[in-house]
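In the text below, chain A, chain B and the rest are named by the order of the sequence lines, each starting its count at 1.
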2 protein chains.
Amino acid sequence: MSSIISSIMPLFVSSLLSSCTSIKDSVKLCNFNCSQSQGITVQAIDDSRVLLIALKIDAGSFQEFRCDKDLVLGLDLESLSKILKQGNNEEYLTLMAEDSPDNLMAVFEDKKKDRISEFSLKLMDIDSDVLTIDDMETDCTITLPAYEFAKIAKDMKTLSESLKIVVTKDSVKFNAEGQIGTGSVILKPHTDMDKPEESVKIELNSPVALTFGAKYLNDIVKATSLSSTVTIKLTDKSPALFEYKLPSGYLRYYLAPKFDDEE
Amino acid sequence: MSSIISSIMPLFVSSLLSSCTSIKDSVKLCNFNCSQSQGITVQAIDDSRVLLIALKIDAGSFQEFRCDKDLVLGLDLESLSKILKQGNNEEYLTLMAEDSPDNLMAVFEDKKKDRISEFSLKLMDIDSDVLTIDDMETDCTITLPAYEFAKIAKDMKTLSESLKIVVTKDSVKFNAEGQIGTGSVILKPHTDMDKPEESVKIELNSPVALTFGAKYLNDIVKATSLSSTVTIKLTDKSPALFEYKLPSGYLRYYLAPKFDDEE
DNA sequence: CGAACTATTG
DNA sequence: CAATAGTTCG
């Protein structure tokens, strides 16, 4: 009867919650697309149409995942977050929806089975075009510690509304120019043997310099807790990709750069 | 070429940042006076002209300090704080300015040298008269734990806008009288052998009773993290001195008392 | 890192 | 007045 049954372990519940809270400041409503082969995928664009968010939660993320028929669940992320927050970290979560669902059922169960919380969340029809995004070749790919990128984005926002990222073979420079002064942070690639997640990697096909809205970068950086590293792919005059890898899946942000005339 | 080069070790960067944040609620703009012999001195008066702040950072605070020609750097403390905050605690800071500078350069370097952050801060012309303050004989000198003074100042502010400090040979009394009631904290001198910074000392030439604005005391107390103790020097009908000693230098506040007719 | 408080905005 | 973002404290 139920078209989607998924049991999620405590570790992943917090990951799902973090994903929702990371996204919900940019997008309020979005469709969760469920299929047996793809798991759950979400694609949404912020109101200003500058930031595209793509979340993918593989079926392998779930202890059990069954989706007899492809489903589109239109969800209010704020409401979903509220429900997910109610699960204590020790609890298992089961999500369920019927074939033509009006509601998403969420059931938290304590391991000891002496506590069950059930929630039903109203679903909504949300217009959205799902874009196919090619895995194009990019001018460069940078991997750095997620917290480091977060600190740069936050710090630089105090100086300017725009952040310029300049990548050369042996460095990546984050540059902000504002009223009170200017600031640059320059990172050089290096490999940390003991803590690989602390490494900074640059793969370069072609040097690139792009400017982004600091506000959007600060929204992106809300996903920092999801992954120890972030991967940034830049191509001249194209949207940049910021990717946070999940245990089994990913949260990707595609951000359109500012062009010279609007800087 | 550069008139001032100073390299600051991580410990002292946080001390400089704390000084700025302590002061910036009272004074937004102020001149940093730099000279080879004196290091960096700052003097500023709050808008109401009741509180005078004197910060002295000796040349010995710096790993290296060179100032070929005396310089006056007009700085916005809010902006300076923003930049100082961007340093991670492990990083070395170098400050630089030219002979007739428009900008102050600040460079953070990671030990591993794979990360460099550079900032340039616009300087401004700020009118200010530097007062010479004599080290006059005072009626009494009190030394007490900084956190204890902070707690008294904060607690008493909830009772009254004014705080009266009464010093006799064997006690110092902090007294607040307000609408909802009155409160006093009385400290007696004592020496703590194990933790000298917990001691309370009173040196008295003449008993004194002065009243201060609680608001100003609460601004002063923001410097608490800079030193384990605070030294208070009081003289009848004169501004009081509140001194926080830095590793090499000091942060002093001179606060005019309220007189009877304005209490 | 989380929580509480403050400041700001609809 | 309520909700939220930023800030500061433990």
Side-chain angles (χ1 to χ4, degrees), chain A residues 10-11 13-29 46-48 51 76-90 145-161 163 176 178-180 195 197-198 213-230 244, chain B residues 13-26 28 76-90 145-155 157-158 214-215 217-228 244:
Chain A
L11 171 78
V13 174
S14 72
S15 189
L16 178 59
L17 174 57
S18 299
S19 301
C20 287
T21 52
S22 306
I23 299 171
K24 79 176 205 296
D25 297 313
S26 306
V27 173
K28 302 238 170 299
L29 310 175
D46 85 309
D47 291 339
S48 63
L51 183 64
D76 176 337
L77 290 177
E78 186 67 42
S79 307
L80 180 60
S81 299
K82 278 181 187 164
I83 285 178
L84 292 177
K85 268 182 203 157
Q86 310 207 16
N88 300 322
N89 287 332
E90 313 278 310
Y147 74 86
E148 184 145 20
F149 179 57
K151 178 154 171 50
I152 291 169
K154 285 182 205 161
D155 286 348
M156 293 306 208
K157 186 166 179 279
T158 66
L159 296 179
S160 167
E161 291 183 356
L163 182 66
Q179 301 292 327
I180 65 167
K195 299 177 189 165
E197 71 276 11
E198 295 281 309
K215 174 186 168 297
Y216 296 104
L217 294 172
N218 274 264
D219 282 337
I220 290 171
V221 137
K222 285 173 181 149
T224 298
S225 65
L226 286 168
S227 174
S228 58
T229 64
V230 58
Y244 294 86
Chain B
V13 173
S14 72
S15 189
L16 178 59
L17 175 57
S18 299
S19 301
C20 287
T21 51
S22 307
I23 299 171
K24 78 174 208 288
D25 296 314
S26 306
K28 302 237 170 302
D76 176 335
L77 290 177
E78 186 70 53
S79 306
L80 181 60
S81 299
K82 279 181 186 170
I83 283 177
L84 292 177
K85 268 183 206 154
Q86 310 209 16
N88 298 321
N89 288 331
E90 316 275 311
Y147 75 86
E148 184 143 22
F149 179 56
K151 178 150 174 45
I152 291 169
K154 285 182 205 161
D155 289 348
K157 185 167 181 277
T158 66
K215 172 186 170 298
L217 293 173
N218 275 264
D219 282 338
I220 289 171
V221 136
K222 285 172 183 150
T224 299
S225 65
L226 285 168
S227 173
S228 58
Y244 294 85

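If you take NZ of B/Lys222 and P of D/dT8, they are 10 Å apart, rounded to a whole angstrom. Summarising the geometry, the separation between OH on A/Tyr147 and C1' on C/dC1 is reported as 15 Å, rounded to the nearest angstrom. Nucleotide C/dC1 holds its C1' atom 15 Å from the CG atom of A/Leu17, rounded to whole Å. One atom, NZ of A/Lys154, and another, C1' of D/dG6, lie 11 Å apart when rounded to the nearest Å. B/Lys82 places its NZ atom 9 Å from the P atom of D/dT7, with the value rounded to the nearest Å. Going from atom CG of B/Asn218 over to atom P of D/dC9 covers 12 Å, rounded to whole Å. Taking atom CG of residue A/Asp155 and atom P of nucleotide D/dT7, one finds them 12 Å apart after rounding to whole Å. In this entry the distance linking CG of A/Leu77 with P of D/dT4 reads 14 Å, nearest Å.
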Worked check of side chain to side chain donor-acceptor pair (under 3.5 Å) between B/Tyr244 and B/Ser22: CA-CA 11 Å; B/Tyr244 294 85; B/Ser22 307; over 6 Å; no
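Annotation: salt bridge (Lys or Arg N to Asp or Glu O under 4.0 Å) contacts of A/Lys215 (sequence neighbours excluded): A/Asp219.
A donor-acceptor pair under 3.5 Å links the side-chain atoms of A/Asp46 to the main chain of A/Leu51, judged by distance alone.
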Pair up each side-chain donor or acceptor in residues 151-159 of chain A with any protein partner under 3.5 Å, not counting sequence neighbours, and list the distances.
residue  : atom : partner  : partner atom : Å
A/Lys151 : NZ   : A/Asp155 : OD2          : 2.8
A/Lys151 : NZ   : B/Lys85  : O            : 3.3
A/Thr158 : OG1  : A/Asp155 : O            : 2.5

